Protein chains: 4
Amino acid sequence: MRVNEQTKAETRQALLDAAAQAFARHGYHQTPIDSVSEAAGVAKGTIYNYFSSKEEVLHALIHDACQLAVDAAETTPGSASTHARLEAFVQANLNWARKRTPLALLFARELLGGDTRTQALIREAAAPCVEKVAAILQAGIERREIEVDAPPEALAFTFLKLTNMLLLQSWESPTSWPRLRDLPATAVSLFLHGVARAGPSRNEP
Amino acid sequence: MRVNEQTKAETRQALLDAAAQAFARHGYHQTPIDSVSEAAGVAKGTIYNYFSSKEEVLHALIHDACQLAVDAAETTPGSASTHARLEAFVQANLNWARKRTPLALLFARELLGGDTRTQALIREAAAPCVEKVAAILQAGIERREIEVDAPPEALAFTFLKLTNMLLLQSWESPTSWPRLRDLPATAVSLFLHGVARAGPSRNEP
Amino acid sequence: MRVNEQTKAETRQALLDAAAQAFARHGYHQTPIDSVSEAAGVAKGTIYNYFSSKEEVLHALIHDACQLAVDAAETTPGSASTHARLEAFVQANLNWARKRTPLALLFARELLGGDTRTQALIREAAAPCVEKVAAILQAGIERREIEVDAPPEALAFTFLKLTNMLLLQSWESPTSWPRLRDLPATAVSLFLHGVARAGPSRNEP
Amino acid sequence: MRVNEQTKAETRQALLDAAAQAFARHGYHQTPIDSVSEAAGVAKGTIYNYFSSKEEVLHALIHDACQLAVDAAETTPGSASTHARLEAFVQANLNWARKRTPLALLFARELLGGDTRTQALIREAAAPCVEKVAAILQAGIERREIEVDAPPEALAFTFLKLTNMLLLQSWESPTSWPRLRDLPATAVSLFLHGVARAGPSRNEP
DNA sequence: CATGAATGAGTATTCATTCAT
DNA sequence: AATGAATGAATACTCATTCAT
């Protein structure tokens, strides 16, 4: 039945939302699965009709977050300066983070401090996104705007971690640097140019 | 079983080492405390002769790590360029991280992804270290080498997170950027100047 | 496993019965809670579906016992001699004690030798019962049948302790005085008139 | 050596005193044995040089208390009224209870609410005391002052429990009836004559 | 499909007792 | 004889998962 399909999808999404909120706030391992079903307004056992285990819920969330990050990567303009393209990417990520805050914070937490299993999952699910960023950086390298002797993918992954670290920090502590609203510009500026005034100080020992 | 002070100190250290290793590898909450005692070669209950709770073990470790970081901060030269001083700080941290790897990785993990309680603990125990870095940055700001409109402490904390993120990453994935051996130079270079080639690209849109 | 209310109530009661038996026999602190679940024929964890802690099980039992005592107090006739009313009260208590022996013995034990917490709980839960007995004694005082210079509540509480002491003793040691079947008459007689033959011996030095 | 013998005896007594205090206050099972040795000013293990187990400490205390009760029984006059002799016995017990309060309270608690093992121990150790009281009561029975159809030992044991119940109660709750200072007179008066005014009410139904 | 009672392995912690020093 | 570190069995409680209703 059409309506039932829809209801099912809604229940699944309610569970994911509740889980994202709880996992982001208290951490995955500190969250009893009952509290997730309760917050989603269903019974304890129901969650197992949608996910085969607690871990699978986490993985589904990670997957969703990665997909949003991939989508964000794909909306970045194909032909602008490296700075502009990176900033557009961060901005797009910030956009969905504003709408899906718990999901974004959970993703950032797991990206930075998740266990090996989860990290591997992220690496796989976020690969297209990393590829896209890598392509932007590769273009920058070719244009001699960026001068780092490293595979663009490694660079891109570090960039992703950096932006998520800044996102997590600025969300949790409003007095931190950078502020949330400055995140896209500042993160990219930091990554490309650092905090130092441009000029002669560059190649100091 | 009156035992001399040295033996006691050794047992305590063995417990801390085992805990650091286990917490760093599997995460604090995923580590049964019995496994720590076992890894340290003592019986289950013995750990409670040294620490009043599992959490206190974590706190002792955090404290040790913060102390090492503070020590590292205090060895940095007082009168060199911002770049040199920061690099010396990162290098000193890398030095103890090489000797106390599990402790360093645990610290990095908790700094980036620990729960609220632990983060607060770190903020407090690492305050002198943050202050020292803040002083270095403040000097850079006054000398107009650094141009960021933010409290030096906020900047310093972000710097600390950045270096620990890079440390954690380069330790766990040897193909990442930057490589571990390049960490001090690269981390500071990234923070101060970014990855972009110096010059006209700076104030791009 | 949606189960009907009756089954739930039965399980709950089975747990309470098993707990009463075990607590009465071995004492609250000496009884492992797992043994209660086991005796009730359910798994270890099941008891926590019904009570939030071991202490709450004890409290529920105390509460039940107090309620039975209160019910007993309320069935006592309103207009008979002090002796008859007290005896009716003790008899009513003995009646439920015969049906719920472990509960009655547990109550007696906790009333006489429970820790401070439990004693306080009993005082609160048994208050209506004490009030009722106090009212009976107060009437006796007003009618000049009883001559004791003390608040009726204090008198009533001592009476309650006395009867429970005798109950516990006569249950545990069948050769004791008084015998269980004589309890109502003897306890009240002891309380009101003592064991001495009435007459001139009363105000002896 | 003489002094060593004395020191040993002092240590033993210090341990017993500390144990009596702790057991009386928190209950035997709720008292960690460390807290006893600590309160006695010796190390944890030392207690095992004096007693083979925690239970033996309790038994030694029970034994001491019983001995004091026996001593009290033996000081009672051999030829006075039943009332006077019983009162002298209770008074003598109250006398040592004032000097050794924790011991007395512990004894009362164990007498009323101790486990089977301890009760049996008390019955054995207090037998001479019970015998003495039984003899007093037997004399009363023979003189037709007391009219109860029961073995004097059973009567005596109930009398002992009654007085200890009243002692415990009046010590712990100063507003209870009877007051501590009235205990000897009131306890005996209650036991022999009850709280009712002497006279026609005696053989009421 | 949804429910929520039942399950039982897992976990942190306590504590009586031992024994090397 | 005194010490107190080490021991490990015991214990209250949690929680992911199952499955009868």
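Proteins get letters first, then strands, A, B, ... in listed order; numbering begins at 1 in each. Just so it is clear, the model here is predicted, and its values are computed rather than measured. Basis for what follows: all heavy atoms, side chains included, without hydrogens, waters or symmetry-related copies.
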Taking C:Thr7 for the side chain and C:Val3 for the main chain, is one N or O donor matched with an acceptor at less than 3.5 Å? no
Between the main-chain N or O of B:Glu55 and the side-chain N or O of B:Tyr28, is there a donor-acceptor pair closer than 3.5 Å? yes
For A:Leu58 and F:dA16, what is the distance between atoms CG and C1' respectively, to the nearest whole Å? 15 Å
Do C:Gln13 and C:Asp17 have side-chain atoms, one donor and one acceptor, less than 3.5 Å apart? yes
Have C:Gln119 and C:Asp115 got a donor and an acceptor in their side chains that come within less than 3.5 Å? no
Selection from F:dT3, E:dA6, E:dA2 that lies nearest to any side-chain heavy atom of D:Ala43: F:dT3
Residue C:Tyr50, side-chain heavy atoms: nucleotide from E:dA5, F:dT7, E:dT7 that is nearest: E:dA5
Let me know which of B:Leu106, B:Asn164, B:Ile62, B:Thr118 forms a side chain to side chain contact (heavy atoms under 4.5 Å, CB included) with B:Leu111. B:Asn164
Mind calculating the distance between CD (B:Glu10) and P (F:dA6) to the nearest angstrom? 11 Å
Less than 4.5 Å apart, any side-chain heavy atom of D:Ile122 and any of D:Phe107? yes
Contact class for B:Phe51 (heavy atom, under 4.0 Å): base, sugar-phosphate, or nothing? nothing
Per-nucleotide protein contact string for nucleotides 14-21 of chain E, where B marks a base within reach and S marks sugar-phosphate only (heavy atoms under 4.0 Å, - for neither): B-SBBBBS
Under 6.0 Å from the CD atom of D:Gln30, do we count more than 12 heavy atoms belonging to anything else shown? yes
Pull out every stem in DNA chain F, meaning runs of 3 or more consecutive Watson-Crick or G-U wobble pairs with both distances under 3.5 Å. E:2-21 with F:2-21
Do the side-chain N or O atoms of B:Thr46 get closer than 4.0 angstrom to the phosphate oxygens (OP1, OP2) of F:dA5? no
Report yes if some heavy atom in the side chain of C:Arg12 is under 4.5 Å from a heavy atom in the side chain of C:Leu16; otherwise report no. yes
In whole angstroms, the gap separating P of F:dA9 from CD of B:Glu38 amounts to 13 Å
Heavy-atom side-chain proximity of C:Val57 to C:Leu15 below 4.5 angstrom: no
Rounded to whole Å, please give me the gap between NZ in A:Lys8 and C1' in E:dC1. 8 Å
